A.B. asks: 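I have a structure I would like to understand better, so I am pasting it below and will then ask my questions one at a time.
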Amino acid sequence: MSAAPSTLSALRSLLAARFPEKNRRPSGGVPTGVPAVDAALGGGLPAGRLTEIVSAAPSSGGQTVLAALLVATRAARQRVALVDAADGFAPDAVPADALRHLVWVRGRELEATLAAADVLVRDGNFAAVVLDLRGCDERALGKLPAATWHRLHRATEASAVAVLVQSTRPLVPAVPCRLILGLAQPLGSRRAVRGELAARLDVTMARGHAEARDEGQEALAG
Amino acid sequence: MSYAVLRVPDFSLHALRRGDAALTGRPVAWVAGEGRHAVVQEASPEATEVTPGLAVTLALARCPGLLVRPRDPAAESEVTGMVLAAGFTLAPRVELTAAGWCTVDLQGADPAATRAALRERLRELAAAAVPARGGIAATPWLAGQAARAAETWREVVDAGAFLRPLPLAWAEPTKGQAEILAGWGVRTLGDLTALPKAEVGLRLGTAGAVLWERAAGETKRPLRLVEPAKSFAAAWAYDPPVEALEPLLFRLQRYAERLAIELRGAGCVAERLALTLLLEDETDHRREFRLPEPGADVAGWMRIMHAHLETLKTVARVVGVRLVATPTRPPQKQDGLFETGLRDPAAFWENLARVGALVGDDRVGTPVVAETHRPDAFTLVKPADVVAPPEAPPFHATRGLALRRFRPAWPVSVACDGARPTELAGPGLRGGVRAASGPWRSAGDWWTDGAWAVEHWEVELNEGGLYRLAHTAEGWRVEGIFD
């Protein structure tokens, strides 16, 4: 059965008016500078979407992805906010020039830190907002109400910012893209050039993939 | 100052009057019930002698020119949308407490800026025929009462002084509680809180203690947060259909006002307006207006639509209208050729202040590594208005995984074979060491009182994971993980 073109057109208009944020194509992505991550995400962290990177093993490269993102966004002259719930970011682990575009929020209490992330996601001046929840109390994270994540999803969709959540276990319900870093690096990796090391990180797409996301957007856009 | 409330007194009546031009300046009452059972619920000031609870027949006898109307749910929904949107311009955490009543969590907001913004929103709402009242206080309930008591807006600093003279009914006692307390001679909230809370609880039960807490302004509750509007559209119907321009423009203005406040609440402006007139013969007339400059200026929108509608001749009467605003971010400063400025500087600094209030002003900023070899030495500085172009990459490439610190560093007991760590045991980390690299010794500031010296080791545990150990005069610590 085929619908009349006018009916389809009307339906598309109705959907576009009712769900403008769903119909909007992501306005580009924010490359992380880590080839495996960018390839899995179809070019970089998608704007207007949440992405979760799970560091399933210690020393699997989560902080290195963050460092690479800072370098890449600095080169692209974009601003980044880091909401660091456990206050683990080490500025001396990143080239000094890759810090100049960064706003670092050193968290103390989880609730206030999440409220800060909510404010920054809605700000409009940042290309990417990173919410780093590694090192937080697992029980406190488990008790977060689903509404917290729903609200973050909605705020992200309404903005043009790419939001990256870093965690040690899958945390964000209904996240469009979730990557798993699963391979612990050996001590010998300390001698490897970081760029080459980043290219060797073991990245697995656990949820969503670039092609499917693009097709979905095409279908919605009509 | 933690919460703000925006609420519209006599909400249903004001919504009704706002939606119908014929009710302006006339005695109006909205009624509930049918026929002889119809009873006045709220009456406008022009309806002298008419009080809530009066039968309609009696009200009409007392005020012959009285216009009697049922509630208008569509108009109420519009006004609620406007109040909610105004709340979102104050802070992002907003609750729709009741129809025409929203509560805003002001945690992190700048007090002076919030007061100014609240006054401005109340002025805008009043200009759009929504006479809202504002209240600011330490709890949601108290802020609600402040708005209830306010002429325009009121901030409660001393809760006790504010609450004591208020009538007991403001604490919403049950009928039974009110009767008992009246028998005790309790007339005001101050009378109630003058009694010991425990004694009130003993005689009136848990509900009595809760009532006492409410009367003392101690009641706290979490907000049920709502999301701001994501689509900016309004649609309404005319019954009977209209053929003149005035009723069309009147309703168009009302809905445009709501859309403009919603857009501002979402930090957006309109770049296009799409107007659809649904006609009696089941056809429609559509027109899209691309605004010369994106904005949320209702007067400007109305001028454009008025100019179009004035010359429009439709083949049938208008039975409905739909207005859709296409949102966009406000036009901002363009980046320079070699620099990155802020797209929206006002929002940036305001939001940083808000974040600073949440986590501490000293915990937000751009990190600058200190000119020293002392571990973890940095300062946080104010982010730059303009970020300079990137420098050339460092000559010596960075190596290895990036360090993620544990602050404070974890104390750990370390078993060694000679100087080399072989096993770690601590509350945060334990296990055998598979490989270790070190030591790297550094020291500094030995010419001052703040002299320091540390020996670093990098270790790989049998279970996996690369950690940095620091050995000082105080003992061993795990400084962080290479990740």
Side-chain angles (χ1 to χ4, degrees), chain A residues 17-21 55 57-64 66-67 74-75 77-79 87-97 99-108 112-113 115-116 118-120 122-125 134 147 151 154 158 184-187 189-195 197, chain B residues 92-93 107-108 225 227 230-231 233 266-267 324 327 329 335 340 342-344 347-348 351-352 354-355 358-360 363-369 376 378 380 383-384 387-391 393-394 397-407 435 437 458-460 464-466 480-483:
Chain A
R18 182 73 182 83
F19 304 109
E21 71 282 0
S55 298
S59 301
S60 53
Q63 198 70 5
T64 302
L66 174 58
R74 178 76 176 106
R77 297 165 58 222
Q78 295 167 315
R79 286 184 190 256
D87 191 20
F89 180 67
D92 50 356
V94 178
D97 186 53
L99 297 171
R100 292 188 183 176
H101 62 315
L102 172 67
V103 172
W104 179 24
V105 179
R106 304 177 64 194
R108 216 167 358 206
T113 307
D118 189 84
V119 170
L120 293 175
R122 294 166 198 272
D123 179 84
N125 286 290
R134 293 170 300 162
R151 188 174 165 78
R154 295 289 302 271
Q185 297 293 321
L187 187 62
S189 67
R190 293 286 303 137
R191 289 189 294 276
V193 172
R194 188 174 290 172
L197 188 59
Chain B
R93 295 163 65 82
Q107 193 181 18
L225 300 178
E227 288 292 320
K230 293 293 184 300
S231 59
V324 180
R329 285 280 172 188
D335 288 347
T340 311
L342 292 162
R343 294 184 66 235
D344 187 351
F348 184 76
N351 286 331
L352 281 195
R354 191 166 284 166
V355 170
L358 286 168
V359 299
R363 299 180 71 84
V364 184
T366 295
V368 177
V369 179
D376 203 21
F378 65 88
L380 278 180
V387 179
E391 295 170 357
T398 316
R399 290 178 183 269
L401 296 175
L403 180 70
R404 187 160 64 82
R405 287 191 176 276
F406 304 143
R407 293 191 181 95
S437 166
E458 293 172 2
V459 297
E460 179 184 355
L466 307 177
I481 181 170
F482 293 104
D483 186 28

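To find a chain, count down the sequence lines: A is the first, B the second, and so on, and within it residues start at 1. Treat the numbers as computed from the prediction; the structure is a model and nothing was measured.
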A.B. asks: Is chain A contacted by the side chain of B/P383, its backbone, both, or neither, given a heavy-atom distance below 4.5 Å?
C.D. replies: side chain

A.B. asks: A side-chain contact here means heavy atoms from C-beta on lying under 4.5 Å apart; do B/P92 and A/R151 qualify?
C.D. replies: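 They are in side-chain contact.
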
A.B. asks: Shortest non-hydrogen contact from A/P58 to B/I481?
C.D. replies: CB-CD1, 3.7 Å

A.B. asks: Give the member of B/N351, B/D376, B/L225 that has the highest number of heavy-atom pairs under 4.5 Å with chain A.
C.D. replies: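 Most heavy-atom pairs within the cutoff with chain A belong to B/N351.
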
A.B. asks: Using heavy-atom distances under 4.5 Å, tell me whether B/R404 contacts chain A through its side chain, its backbone, both, or neither.
C.D. replies: both

A.B. asks: Is any side-chain heavy atom of A/L187 closer than 4.5 Å to one of B/L466?
C.D. replies: yes

A.B. asks: Are A/R77 and B/P390 packed together at the side-chain level, in the sense that at least one heavy-atom pair is separated by less than 4.5 angstrom?
C.D. replies: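 A side-chain contact under 4.5 Å exists here.
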
A.B. asks: Tell me, for B/A397 versus chain A, whether the close heavy atoms (under 4.5 Å) come from the side chain, the backbone, both or neither.
C.D. replies: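 Side chain only.
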
A.B. asks: Identify which of B/L352, B/L380, B/V355, B/V368 forms the greatest number of heavy-atom pairs closer than 4.5 Å to chain A.
C.D. replies: B/V355

A.B. asks: Taking all non-hydrogen atoms of both residues into account, name the closest pair between A/P91 and B/R407 and its distance.
C.D. replies: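 Smallest heavy-atom distance, with atoms named: CD-NH2, 3.9 Å.
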
A.B. asks: Between A/R134 and B/D483, does any NZ, NE, NH1 or NH2 come within less than 4.0 Å of an OD or OE carboxylate oxygen?
C.D. replies: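 Judged by the 4.0 Å cut-off on N to carboxylate O distance, B/D483 and A/R134 do form a salt bridge.
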
A.B. asks: As an exercise: rank A/V103, A/L66, A/V105, A/D123 by heavy-atom pairs under 4.5 Å with chain B and give me the winner.
C.D. replies: A/D123

A.B. asks: What's the shortest heavy-atom distance between A/S59 and B/F482, and which atoms?
C.D. replies: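 Shortest heavy-atom separation between A/S59 and B/F482 comes out as OG-O, 2.6 Å.
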
A.B. asks: To the nearest 0.5 angstrom, please state how far the CG atom of A/D87 sits from the CZ atom of B/F406.
C.D. replies: 12.5 Å

A.B. asks: Got A/W104 and B/F378 here, is their nearest side-chain heavy-atom distance under 4.5 Å?
C.D. replies: yes

A.B. asks: So, are B/R405 and A/D92 salt-bridged, with charged N and O less than 4.0 Å apart?
C.D. replies: yes

